[in-house]
Amino acid sequence: MLNKNRRIIATAIAAVLMAGSLVACAKPDGKPADKTAAADAPKEQPKKTYNFKMLGMRITPNKDSEVMKKFNKKLGGNTLEVTNVPDADYLAKIQLLLAAQDLPDIFLTWSSQTVLEKATAKFTEEEFKQYMPDVYNLALKNFANNGYSKDSMFSRMKVNGKFAGFGAGSQVSLTPYGMIVRTDVLEQLGKTMPKTIADWDDVFKAYKLKYPDKYPVAARGKDWILGSFRWVLGAYGTSVEGWHMKDGKLMYGPFMPEMRSALAQLQKWYKDGYINPEWVTMDSPGYSNDFYNGNSIFMQVQSPLANVLKPPYIPGSAPDLAAAKIPNIKMDWGPYPALKQGDKPIYIAGDLLNGMYFVAFGSQLEKDRDKLHAAMDVINRSMSKDMYTLRSYGVEGKTFDYVDGVPVVKKELNNDDAKVREGFGWLGAIAQVGADWDYTKQLTSKPVKEQLATLIDDPNGHYGKNNLTVTVTAPPGPITSPSGEDLTIKGKALFDQWLSLYTQVIIGKKTLEDYDAFIDQWKKQVGNDLTEAVNRLYLKDWKK
């Protein structure tokens, strides 16, 4: 019976197809159609294709590489020409191109009214949904997963009600880093894993007694002063440069009473010889080497995404480099310390949109909607999983291999020169569009997946929501007075003075009374206006 039904359906389909062909060859009166008339009928115009120029950060892939050729073949007939510049040079480059009116078609921008208003092609939410559906849906998913409303996030990207840039966000920027603690040293000292500031004080004291010529604490005072002692400030609920919700209002970290208490603690630790006096001039390599050489007892921040703490270590990772120099080293992830037992420290994270960076289309596309929509389609296609793998890792068997289901770049090609030549490992502006956290985790090894599950995804893990409050501290836009004055620019000189004072108080060259006097002056000159402006502009939208 089933076969009979299939024959009936097949016969019916054939009849429909035959009827369609007869209709196409006949006039309304049933006579054969005039072939000359059919030839004169208007023909469908071929789809117009474009070569788009994109500017981003870091390495520029070789356009003639196999990877880029494969990448461009998947763009629906369009092509993408990728140029990147070093991170530090990027904003100046965009400003220069804006002044010369020579903007790329696709580029990375930031929440500057000047750039958003003058440099970008504007588009509607309907166009966003129609031509970048995958990006749009990813944005809604990421917003919802992290407690943001669609309207509050999209409002950052708009000028006069239309999108001037866009981003779906990346949950990785909200994922806490970890603290790698040398548990072999804790065992030598007869101590357990510290959980509070007082616990760490006890460990440091014991460490200094056993190793009087060493310093258990290091920090990157040269190239990351904002994060140098973030783990300590987090225990007190403040930060060097961020805004914090307290009693229903946003308060600036340097102005909070908690900052004074944190500085007092750091000043005491420095005086007691716990903090390496070289920390002020330490950069990233110096800080890392201090740990690898067996001096400091922990590394303040290392991501569970990039490190496993038991062998086999990830080649080239911090634990791998430390194990190469310290025989029989033991390491474990430590919790961020609380001020006292039962408290929950804060962790200062990047914004879901990684600050105020967006992807935008050059203003020259404003009047050419077909080209603008094609550029949107290029972005949407570039965000697929196979395209992500292609631009991140290259070609399987040639530039990377799958190891336990995870793409691993061949060792001899894991350097910038090789990546440029082979055309992979580039960010462009596409990287700022966002990422799917679920897919990101799929690309990690089994040990990393297990770490993420126990440390972060588990609410009771060290970095889970029951033990750590992940907080965004940067306003999602400019801080302006009622008259439109940029208060951040107005207060920049005082902020620079604050960073210097912060260091000097810790090392004892300035007193806490000096801190009090400076903060009082700062508030009078611009700080009170900053506080009023942030609460007026952003309190209603602060992570909800």
Side-chain angles (χ1 to χ4, degrees), residues 54 56-58 67 71 74-76 80 106 108 125 128-150 152-154 156-157 163 165-177 303-306 349-360 376-394 396 400 402 404-409 424-453 455-458 461 463-465 470 472 543:
M54 182 174 74
M57 296 180 181
R58 304 184 192 172
V67 169
F71 192 91
K74 296 175 179 287
L75 295 180
L80 190 62
I106 304 167
L108 186 63
E125 186 169 345
F128 192 170
K129 282 194 282 190
Q130 182 176 352
Y131 297 103
M132 294 188 290
D134 297 332
V135 176
Y136 185 86
N137 290 331
L138 177 60
L140 298 189
K141 175 183 176 180
N142 285 344
F143 299 166
N145 285 349
N146 292 282
Y148 293 91
S149 72
K150 183 189 82 168
S152 68
M153 296 298 274
F154 278 170
R156 305 188 196 182
M157 311 172 196
F163 285 90
F166 64 95
S170 176
Q171 199 166 331
V172 172
S173 65
L174 292 171
T175 302
Y177 282 16
S303 172
L305 280 170
D351 185 76
L352 180 67
L353 294 174
N354 194 17
M356 295 173 282
Y357 286 90
F358 308 120
V359 181
M376 291 179 171
D377 182 65
V378 162
I379 291 290
N380 200 67
R381 290 172 184 265
S382 298
M383 291 296 293
S384 69
K385 292 179 181 179
D386 63 324
M387 293 288 261
Y388 174 85
T389 302
L390 189 59
R391 63 183 169 85
S392 299
Y393 302 101
E396 182 183 1
F400 79 93
Y402 281 102
D404 295 328
V406 177
V408 177
V409 174
F424 73 97
W426 52 273
L427 296 176
I430 296 173
Q432 197 59 42
V433 174
D436 188 319
W437 177 235
D438 295 327
Y439 182 58
T440 300
K441 290 192 288 187
Q442 287 178 24
L443 295 176
T444 62
S445 65
K446 182 180 178 182
V448 172
K449 287 186 178 76
E450 291 173 348
Q451 284 184 159
L452 293 172
L455 291 172
I456 298 174
D457 294 341
D458 182 351
Y463 315 128
K465 64 181 181 181
V470 178
V472 176
K543 196 170 188 280

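Note that the structure is predicted; figures quoted are calculated from it, not measured.
- Taking CD1 from Ile456 and CG from Leu174, the interatomic distance works out to 11.0 Å, rounded to the nearest 0.5 Å.
- Side-chain N or O atoms of Thr444 include none that pairs as donor or acceptor with a backbone N or O of Thr440 at under 3.5 Å.
- Taking the side chain as every heavy atom from C-beta outward, Ile106 and Leu80 approach each other to under 4.5 Å.
- The side-chain contact (heavy atoms from CB on, under 4.5 Å) test with Met383 singles out one residue from Val378, Asp134, Ile430, and that residue is Ile430.
- Note that CG of Leu305 is 11.0 Å distant from NZ of Lys449, once rounded to the nearest 0.5 Å.
- If you take NZ on Lys74 and CG on Asp386, they are separated by 5.0 Å, rounding to the nearest 0.5 Å.
- Here the closest heavy-atom approach between residue Gly169 and residue Asn142 is recorded as O-ND2, 2.7 Å.
- Remark: the Ser173 side chain and the Ser170 side chain contain no N/O donor-acceptor pair separated by less than 3.5 Å.
- What you find for Val406 and Leu443 is that their closest heavy atoms are CG1-O, 2.9 Å.
- Panel note: side chain Asn380, backbone Val135; a donor-acceptor pair is recorded below 3.5 Å.
- Gln451 contributes a side-chain N or O that, together with a main-chain N or O of Pro304, makes up a donor-acceptor pair within less than 3.5 Å.
- For the pair Asp457 and Lys441, the salt-bridge criterion is met [side-chain N within less than 4.0 Å of a carboxylate O].
- Nearest heavy-atom pair across Ser152 and Arg156 is O-CG, 3.6 Å.
- The ring of Phe163 has its center no closer than 6.0 angstrom to the ring center of Phe358.
- Note that OH of Tyr388 and OG of Ser382 are 13.5 Å apart. Values are rounded to the nearest 0.5 Å.
- Considering all non-hydrogen atoms of both residues, Phe143 and Leu352 come closest at CD2-CD2, 3.7 Å.
- Counting all heavy atoms, side chain and backbone alike, Ala139 lies closest to Gly167 at CB-O, 4.2 Å.
- Taking the ring centroids of Phe400 and Phe424, they lie at or beyond the 6.0 Å cut-off.
- The local environment of CZ in Arg58 is sparse, with at most 12 non-hydrogen atoms from other residues, nucleotides or ligands closer than 6.0 Å.
- Nearest heavy atoms, Met153 versus Met157: O-CE, 3.7 Å.
- Residue Phe166 forms a side-chain contact (heavy atoms from CB on, under 4.5 Å) with just one option from Met376, Gln432, Met132, and that option is Met132.
- Counting only N and O atoms by type, the side chains of Thr389 and Tyr439 include a donor and acceptor under 3.5 Å apart.
- Not a single donor-acceptor pair under 3.5 Å links the side chain of Asp458 to the backbone N or O of Gly464.
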* To do: Output, in order, the C-alpha distance, side-chain angles, deciding distance and verdict of side-chain contact (heavy atoms from CB on, under 4.5 Å) for Val470 and Tyr463.
  => CA-CA 9 Å; Val470 178; Tyr463 315 128; over 6 Å; no

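- Residues passing the side-chain hydrogen bond (donor to acceptor under 3.5 Å, both in side chains) test with Tyr131 are His373, sequence neighbours excluded.
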* Asked: What's the verdict on side-chain contact (heavy atoms from CB on, under 4.5 Å) for Met57 and Leu108, showing C-alpha distance, side-chain angles and the deciding distance?
  -> CA-CA 8 Å; Met57 296 180 181; Leu108 186 63; 3.6 Å; yes

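- The closest side-chain donor-acceptor pair between Tyr136 and Glu125 falls under 3.5 angstrom.
- Here Asp438 pairs with Lys141 under the side-chain hydrogen bond (donor to acceptor under 3.5 Å, both in side chains) rule; sequence neighbours left out.
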